[in-house]
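For reference, the structure is listed below as structure tokens.
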Amino acid sequence: MESDRQIMLSGRVSILEETLTAAGVTRTFLSTKGPYRDHSGTTIGLIGISHDITSRKQSEEDIVEDKKIATGLSAKFYALGQKSLMVLD
């Protein structure tokens, strides 16, 4: 992956979201990666850890969609309220 090459070249630790597909299943990961160095400090590889955040990402997308729906409904109810007045006794 290009991000892995950039981490090795920069020599810095990086935290990034990665979306990968394997066996037809797409998952999103939050990864922390950094260069792996030998005893002399030469970068010889990459080391890291990843956490599957697919469910969290889906929940975030659901919340955004729910807010859009609620905002739309609110605007419609407001517009209806401007057109009519209901008096309850």
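Position 1 is the first residue of the sequence; numbering continues from there.
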Practice task
Using a strict 4.0 Å threshold on nitrogen-to-oxygen distance, state whether Lys33 and Glu18 make a salt bridge.
Solution key: yes

Problem - Under-4.0 Å salt bridge between Glu60 and Arg56 - result: yes

Fill in the blank from the handout: Closest heavy-atom pair, Thr54 versus Thr28, reported as atoms and distance to 0.1 Å, is OG1-N, 2.8 Å

Handout entry: Exercise: identify the closest heavy-atom pair between Arg12 and Ile7
Key = O-CG2, 3.3 Å

Practice task
Using distance alone, with no hydrogens and no angle criterion, decide if Thr21 and Thr26 have a side-chain donor and acceptor under 3.5 Å apart.
Solution key: yes

Problem - Verify same cluster id: Met8, Leu16 (apolar side-chain graph, 4.5 Å) - result: yes

Exercise for the section: Please check if Ile15 and Ile53 belong to a single hydrophobic cluster, counting links between Ile, Leu, Val, Met, Phe, Trp and Tyr side chain heavy atoms closer than 4.5 Å. Expected result: yes

Pairwise distance [atom1]([X]) to [atom2]([Y]) - rounded to 0.5 angstrom:
| X | Y | atom1 | atom2 | result |
| --- | --- | --- | --- | --- |
| Lys68 | Leu73 | NZ | CG | 14.5 Å |
| Ser74 | Ile69 | OG | CD1 | 13.5 Å |
| Ile63 | Glu61 | CD1 | CD | 10.5 Å |
| Arg27 | Ser55 | CZ | OG | 6.0 Å |
| Ile47 | Thr32 | CD1 | OG1 | 11.5 Å |

Exercise for the section: Please confirm whether the backbone N or O of Gln6 pairs with a side-chain atom of Ser10, one donor and one acceptor, at under 3.5 Å? Expected result: yes

Handout entry: Within-4.5 Å side-chain heavy-atom neighbours: Tyr36 and Thr43
Key = no

Practice task
Only pairs at least two apart or in different chains count here, so list each salt bridge (charged side-chain N to carboxylate O under 4.0 Å, His left out) that has a residue in residues 37-46.
Solution key: none

